[in-house]
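Below you'll find the structure, written out as structure tokens, and then a few comments.
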2 protein chains.
Amino acid sequence: MSVREAKKQRKKKAIVEAAISLFSAQGYENTSIEQIARAAGVGKGTVYSYFQTKKDLIKGFCEYELEKIHLELVKRSNREATILEQMLTIYMTEFHHVTQNREFGRLYMRESIFPKESDVQDNLETDDKYFQILFPILQKGQERGELRKDVELLYMTAHFYSLYIMIISAWYTGRISTGEVEPAMELLFRQLLEGLQPKNPNSQVSK
Amino acid sequence: MSVREAKKQRKKKAIVEAAISLFSAQGYENTSIEQIARAAGVGKGTVYSYFQTKKDLIKGFCEYELEKIHLELVKRSNREATILEQMLTIYMTEFHHVTQNREFGRLYMRESIFPKESDVQDNLETDDKYFQILFPILQKGQERGELRKDVELLYMTAHFYSLYIMIISAWYTGRISTGEVEPAMELLFRQLLEGLQPKNPNSQVSK
DNA sequence: TACTAATTTCGACTGCAGTCAATTTTCACT
DNA sequence: AGTGAAAATTGACTGCAGTCGAAATTAGTA
């Protein structure tokens with residue numbers, strides 16, 4: 001790596017670290033780019049040559065965190081568990097990280113779920129990494145007969161992911177507390193697997 | 001109504017209308033509060049006495065639109081149709097309005113699904129209106145034996161709503177086109193009703 | 001009507017995100 | 001080492017969101 005490249009990497013890292021540390025200490029809104037620049041020992045313009053907007057700084061951090069989460073998931077994964085258990089593990093691990101970084105998580109989800117026209121494509125590769133984790137699990141579920149074979153894997157992931165987003169939203173809006181997340185997720189996943197229709201329309205029992 | 005009240009109402013309306021017209025003409029980002037104020041014939045400070053932030057102007061507009069949507073839904077609703085059909089009608093009507101106001105819809109969904117800590121409670125009442133529309137439909141579905149009786153109505157709505165958010169997100173991120181929304185929604189809703197598990201784990205047929 | 005208190009309106013002001021032209025640093029080649 | 005082109009860095013500058021205290025308008029009272 002050339003001297004130039006090395007310097008760039010070092011500076012980029014310094015900027016992200018300064019940003020995270022200041023955001024954590026004073027909050028995102030209360031931290032100015034100029035503060036970050038000074039803390040990182042560079043000029044304001046330099047920050048903008050590495051990150052196009054202030055929000056991109058968050059994204060830099062979150063993508064780094066996601067990397068860690070994905071590694072953690074691979075380690076934790078138990079291929080012998082049921083689909084329900086594996087999905088719960090995956091999404092609860094993810095949720096755990098969100099609780100650790102509530103504000104960052106919120107800003108990140110906003111951007112990745114409803115992105116500005118202009119930065120749509122950035123997120124697509126992050127999604128790919130997700131699919132790489134979920135596909136084999138769900139595929140195995142189909143092979144084991146736990147999941148229908150006539151539902152495409154992409155749709156399978158969509159079902160689980162949509163419930164995850166929904167629950168996170170309910171948590172952010174205060175409709176459910178931290179402790180209620182896991183039971184709610186389990187119940188919703190279970191209902192998703194079983195379906196909302198009665199198995200036998202004429203003989204259902206109220207629970 | 002006192003003279004003062006009447007004036008306030010008129011001004012508020014003038015401001016919202018000026019905002020919508022300018023946002024539509026030049027986009028949200030390219031419109032300044034000062035422009036809106038001038039167009040509405042008031043001072044900048046006055047705008048801020050009616051709306052706390054620029055985003056609130058969007059919310060004012062969207063809530064007005066939602067009102068219209070809800071009325072439209074009540075008119076359109078056909079209580080004899082299947083749950084699948086009714087849910088499709090409701091969410092496709094909503095989606096139609098989103099397509100008409102792509103940018104507003106995006107900003108609104110961001111705010112309502114992942115709101116800032118400080119304005120969480122504003123959205124809760126809007127949600128109530130939703131439930132008022134969905135609950136009776138789903139309840140009837142339960143009575144008719146189309147839906148399980150052992151799933152709470154709140155959870156029922158959560159399932160459908162979560163898929164809706166997911167699809168909207170897929171549309172905003174360009175993963176699916178406008179024309180693909182309806183078939184995707186129908187397929188996902190159908191899968192949700194049937195469940196992701198095979199009915200009979202040992203005798204499923206690949207489609 | 002006249003006077004006072006309460007409410008509303010206003011635009012000058014502050015602070016920050018993001019831009020850009022000028023300057024400095026790095027690199028490739030002699 | 002010396003030179004010129006390319007890339008990186010910088011902070012002064014622009015434009016706008018949001019604030020705030022002073023001025024104007026309205027309501028209440030006699």
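Each chain gets a letter, A, B and so on, in the order its sequence line appears, and its residues count up from 1.
Remark: P of D:dC16 and CG of B:Leu57 are 16 Å apart, rounded to the nearest angstrom. Between the C1' atom of C:dA17 and the CD atom of A:Glu34 lies a distance of 10 Å, rounded to the nearest Å. Taking atom CD on A:Gln35 and atom P on C:dC16, their separation rounds to 8 Å, with Å as the unit. Summarising the geometry, the separation between CZ on B:Arg10 and C1' on C:dT9 is reported as 15 Å, rounded to the nearest angstrom. Regarding B:Lys11, its NZ atom lies at a distance of 10 Å from the P atom of D:dT25, rounded to whole Å. For B:Tyr50 and D:dG18, the OH to C1' distance is 18 Å, given to the nearest whole Å. As a whole-Å value, the separation of A:Arg38 CZ from D:dG11 P is 10 Å. One can place CD1 of A:Ile33 at 14 Å from C1' of C:dG15, the figure rounded to the nearest angstrom.
The six-membered or imidazole ring of B:Phe160 lies away from that of B:Tyr91, with a centre-to-centre distance of 6.0 Å or more. The ring of B:Phe104 has its center closer than 6.0 angstrom to the ring center of B:Phe61.
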Mind listing the N/O atom pairs, protein and nucleotides 19-22 of chain D, below 3.5 Å?
none

Quiz item: Yes or no on side chain to side chain contact (heavy atoms under 4.5 Å, CB included) for B:Leu196 and A:Ile83, after CA distance, side-chain angles and deciding distance?
Solution: CA-CA 11 Å; B:Leu196 298 184; A:Ile83 287 294; over 6 Å; no
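Few gaps surround CD on B:Gln26; more than 12 heavy atoms of other groups in view lie less than 6.0 Å from it.
Evaluation of the side-chain hydrogen bond (donor to acceptor under 3.5 Å, both in side chains) test over residues 185-197 of chain A, restricted to residues two or more places apart or in two chains, returns A:Glu186-A:Arg190, A:Gln191-B:His159, A:Glu194-B:Arg148.
Nearest to the side-chain atoms of B:Lys8 among the listed nucleotides C:dT8, C:dT9, D:dG18 stands C:dT8. Looking at the side chain of A:Ser49, the nearest of the listed nucleotides C:dA17, C:dC10, D:dT9 is D:dT9.
Side-chain N/O atoms of B:His97 and B:Glu72 include a donor and acceptor closer than 3.5 Å. Side chain to side chain, A:Glu180 and A:Ser177 meet the donor-acceptor criterion of an N or O pair below 3.5 Å.
Interface residues of residues 23-32 of chain B facing DNA chain D, ordered by number: B:Thr31, B:Ser32; criterion, heavy-atom separation under 4.0 Å.
Nearest heavy atoms, A:Glu146 versus A:Ala81: OE1-O, 4.4 Å. Minimum interatomic distance between A:Val47 and A:Val42 (heavy atoms only, all atoms of both residues): CG2-CG2, 4.1 Å.
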